[in-house]
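Just below is one structure, and these are the notes that go with it.
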Amino acid sequence: YFIWDHLRRQDGRLIKRYRAGEASQPPHLDDYGFLIWGLIELYQADFNPEYLRRALLLTDIMVEDFWDDQGGGFFISGSEQKDLIVRGKEVYDGALPSGNSTAAYNLIRLARITSNPDLERKAQRIGEVFADQVNRVPQSHTQLLTALLFGSDPAFEVVIAGDQHASATKEMIKRIQRGYFPNAIVMLAPTNDPGSDIFKQVPILKDQPALEGKATAYVCQDFTCSAPTTDIDQMLRLLKSP
């Protein structure tokens, strides 16, 4: 909340540093990438749609300010920085992942959440742009490879429909969060709150109701769903299927 309240301009763009009550300096790609990543993780933790809204808002700004329409991939610096001789790009994943690698991972996950193929195409384009570098030294591009594997390997979109305050819904969420499903995105369709912003951000959730009022899981791959189930063990079996 501090970043959101103190390190943004009026137009929503980020500011890089805050000291003694003053915020200044233009941001870099990494600033957007890591904050968006954190917001996605927060949404996956408690399904507050505000986190998802903020992640999508910052993603729109990041694409507008940093994306290279001609060559593909993201520049390190934003388009508003006019004092640079050249705008570079970075994809090396060292102690910290690069901005492009982080952005690719975020774009793929947001694409799966919102059914927005344009975001996934941009992530794939990042892989294409830096393919030669990755092929030469794959161990130096582990985060980008993680993103590309998420996009190319079998991945799951899981929707849990139910009253988010009900014990059965909480148990279903807890069981999936306690498991290890690195290629899964989980969304909550709160039947107790039909006016939730999540239904505006992800309209398809309206078409995935709870069966007979019970907590229900829809396990999908490439946006094609298995039969909905109210059985937690069946949900987990579907997530472990090839």
Side-chain angles (χ1 to χ4, degrees), residues 36-37 39-53 55-56 59 103-125 127 145-164 166 168-242:
I36 293 167
W37 190 355
L39 289 166
I40 295 171
E41 293 297 325
L42 285 170
Y43 172 71
Q44 294 282 276
D46 72 358
F47 304 104
N48 182 343
E50 178 62 16
Y51 295 131
L52 181 59
R53 185 190 71 82
L56 292 168
T59 297
Y105 187 52
N106 294 338
L107 289 169
I108 287 177
R109 296 209 292 169
L110 289 173
R112 298 299 174 89
I113 291 173
T114 62
S115 303
N116 183 342
D118 183 58
L119 296 180
E120 188 153 357
R121 281 193 290 268
K122 279 187 168 55
Q124 293 168 347
R125 180 66 180 133
L145 288 171
T146 297
L148 297 177
L149 284 171
F150 193 107
S152 60
D153 280 2
F156 296 94
E157 303 91 37
V158 183
V159 176
I160 296 176
D163 182 338
Q164 66 188 112
T169 306
K170 291 180 179 179
E171 180 63 21
M172 187 170 277
I173 292 170
K174 182 172 73 173
R175 290 286 296 277
I176 195 170
Q177 288 179 334
R178 285 170 58 186
Y180 179 64
F181 305 107
N183 277 19
I185 282 290
V186 185
M187 293 163 276
L188 175 67
T191 56
N192 60 298
D193 186 9
S196 171
D197 284 345
I198 194 64
F199 295 111
K200 301 174 186 175
Q201 297 158 358
V202 190
I204 195 173
L205 294 183
K206 296 178 181 177
D207 301 323
Q208 294 170 312
L211 300 180
E212 299 178 352
K214 300 177 182 178
T216 303
Y218 294 79
V219 179
C220 314
Q221 283 187 288
D222 294 323
F223 308 108
T224 299
C225 299
S226 302
T229 180
T230 59
D231 183 275
I232 294 177
D233 291 331
Q234 173 63 7
M235 174 190 72
L236 297 177
R237 282 193 292 270
L238 290 169
L239 280 167
K240 295 174 181 177
S241 64

For Ile173 and Phe47, what are the C-alpha separation, side-chain angles and deciding distance, and is it a side chain to side chain contact (heavy atoms under 4.5 Å, CB included)? CA-CA 10 Å; Ile173 292 170; Phe47 304 104; 3.7 Å; yes
Look up atom [atom1] in [X] and atom [atom2] in [Y], then write down how far apart they are to the nearest 0.5 Å.
{"X": "Asn48", "Y": "Gln164", "atom1": "CG", "atom2": "CD", "value": "9.0 Å"}
{"X": "Met172", "Y": "Thr216", "atom1": "CE", "atom2": "OG1", "value": "6.5 Å"}
{"X": "Leu56", "Y": "Tyr51", "atom1": "CG", "atom2": "OH", "value": "15.0 Å"}
{"X": "Ile160", "Y": "Ile176", "atom1": "CD1", "atom2": "CD1", "value": "5.0 Å"}
{"X": "Lys200", "Y": "Leu205", "atom1": "NZ", "atom2": "CG", "value": "14.0 Å"}
{"X": "Asn106", "Y": "Ile36", "atom1": "CG", "atom2": "CD1", "value": "5.5 Å"}

List the atom of [X], the atom of [Y], and the distance in Å for their closest heavy-atom pair.
{"X": "Pro117", "Y": "Ser115", "answer": "CD-O, 3.3 Å"}
{"X": "Gly151", "Y": "Arg112", "answer": "O-NH2, 3.3 Å"}
{"X": "Ser196", "Y": "Pro49", "answer": "OG-CG, 3.8 Å"}
{"X": "Thr169", "Y": "Asp163", "answer": "OG1-O, 2.8 Å"}

Do Arg237 and Gln234 get their side chains close enough for a donor-acceptor pair, meaning under 3.5 Å?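 Looking only at side-chain atoms, Gln234 and Arg237 do form a donor-acceptor pair, the distance falling under 3.5 Å.
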Just by distance, do the side chain of [X] and the backbone of [Y] share a donor-acceptor pair under 3.5 Å?
{"X": "Asp197", "Y": "Arg53", "answer": "no"}
{"X": "Gln177", "Y": "Gln44", "answer": "yes"}
{"X": "Thr229", "Y": "Met235", "answer": "no"}
{"X": "Gln208", "Y": "Ala161", "answer": "no"}
{"X": "Tyr105", "Y": "Trp37", "answer": "no"}

Any heavy-atom pair between the side chains of Phe199 and Pro190 that's under 4.5 Å?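 Yes; the side chains approach each other to less than 4.5 Å.
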Tell me, do Phe150 and Ile185 make a side-chain contact under 4.5 Å, heavy atoms counted?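 They are in contact (side-chain heavy atoms under 4.5 Å apart), so the answer is yes.
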With side chain to side chain contact (heavy atoms under 4.5 Å, CB included) as the test, would you mind laying out the steps for Val159 and Leu188 before giving the verdict? CA-CA 6 Å; Val159 176; Leu188 175 67; over 6 Å; no
Working note: Val219 + Phe156, criterion side chain to side chain contact (heavy atoms under 4.5 Å, CB included); need CA distance, chi angles, decisive distance, verdict. CA-CA 7 Å; Val219 179; Phe156 296 94; 3.7 Å; yes
Electrostatic pair Arg109-Glu120, nearest N-O below 4.0 angstrom: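 The answer is no: the pair does not qualify as a salt bridge.
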